[in-house]
Amino acid sequence: MSRQYYIAGNWKMHKTKEEAAALAKALVAGLQEGTHKYLVAPSFTLIETVAGVIKGSNIRLGAQNMAPEEQGAHTGEVSVLQLKELGVKTVILGHSERRHNYLENDALINKKVHLALKHGLEVILCVGELLEEREAGQAEKVCEQQVSAGLAGVGAKDLSSVVIAYEPVWAIGTGKTATPEDADAIHASIRGVIGRLYGPQEAAAIIIQYGGSVKPDNVSALMAKENIDGALVGGASLKPESFIPIAKF
Ligand code: PEP
């Protein structure tokens, strides 16, 4: 089964409106002939601005997080309804910064996954082990647990709206990248988990992105691996000079 490469930029808590508009404009121009699937995920306050710039282009609009409830007394949270209203098509859930700095657990992430899918959003579900877990030989087990708990109760029909991003926590923003071989081994094991939970067709179809210090000079080797179907890019997504070559690898 052929899977389309999917390159996503997570802008994290960077950029003002003016800077975001300039970056989005450069990406629209630079990626118009790009053949892969593309996404940018700006901060909530930038979404409307970026939506206006990428409208009609081949770049999807994403958000970096979302509340687990549709609406109500949830100070400081942003609702799926508010995101949809701005044209958001995809939401990143379970990013390691949410898991480890803001203590989001699998149950909360699973609740968000269900809500996003119910509203027709695509979900990028992030999973990945800490350095100590890798050193203890637990990387596969941790990812298996995060995938199965994150997707608990999600039916096969909805799985086509789910992308998994494997992001070893020790590789995010550190300049350390998993070797293509190590990343591919975890991707294969995640694909195996999807196979056991859903079946071989679903396993063959699911897009699994790699994230963790992806740069223009390492993207091709990573993407050449059988089970790596794209990238979730943090730092290098903040500049057209680095994101465009990654996106057009
Ligand atoms: C990320 O935050 O998803 C990420 C992979 O960041 P970086 O590319 O900076 O490591």
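Every value quoted in this text rests on a predicted model; they were computed, and no experiment measured them. Count residues from 1 along the sequence.
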Taking Q146 for its side chain and C143 for its backbone only, find out whether a donor-acceptor pair lies under 3.5 Å.
no
Donor-acceptor pair, side chain of N10 and main chain of G234, under 3.5 angstrom:
no
Quick one: does V113's side chain get under 4.5 Å of L125's, heavy atoms only?
yes
Counting distance only, does the side-chain N/O of K225 pair as donor-acceptor with the main-chain N or O of E181 below 3.5 Å?
no
Do the side chain of N101 and the main chain of R98 share a donor and acceptor less than 3.5 angstrom apart?
no
Quick one: does E167's side chain have a donor or acceptor within less than 3.5 Å of a partner on C126's backbone?
no
So, the side chain of K84 versus the backbone of S79: is there a donor-acceptor pair under 3.5 Å, distance only?
no
Please determine whether a side-chain nitrogen of the Lys or Arg among D106 and R99 lies less than 4.0 Å from a carboxylate oxygen of the Asp or Glu.
yes
Applying salt bridge (Lys or Arg N to Asp or Glu O under 4.0 Å) to K141 and E133, what does each step give before you reach the verdict?
CA-CA 9 Å; K141 199 171 138 235; E133 292 166 334; over 6 Å; no
Keeping the roles fixed (side chain from K15, backbone from L238), state whether a donor-acceptor pair exists under 3.5 Å.
yes
Do side-chain atoms of S220 reach the backbone of D217 as a donor and acceptor pair under 3.5 angstrom?
no
Could you tell me whether the side chain of Y210 reaches within less than 4.5 Å of the side chain of T177, counting heavy atoms only?
yes
Looking only at the side chains, is there a donor atom on one of E129 and W170 sitting less than 3.5 Å from an acceptor on the other?
yes
In the hydrophobic cluster built from side-chain contacts under 4.5 Å, what are the other members alongside I207?
Y6, L39, I92, I124, V163, L232
Option among K37, Q4, R3 that satisfies the side chain to side chain donor-acceptor pair (under 3.5 Å) test with D229
R3
Okay, side chain of S161, backbone of E122: is any donor-acceptor separation there less than 3.5 Å?
no
Side-chain contact, heavy-atom cut-off 4.5 Å: L151 with I194?
yes
Please list all pairs passing the ring-ring contact (aromatic ring centres under 6.0 Å, His included) test where one or both residues lie in residues 108-139, with sequence neighbours left out.
none
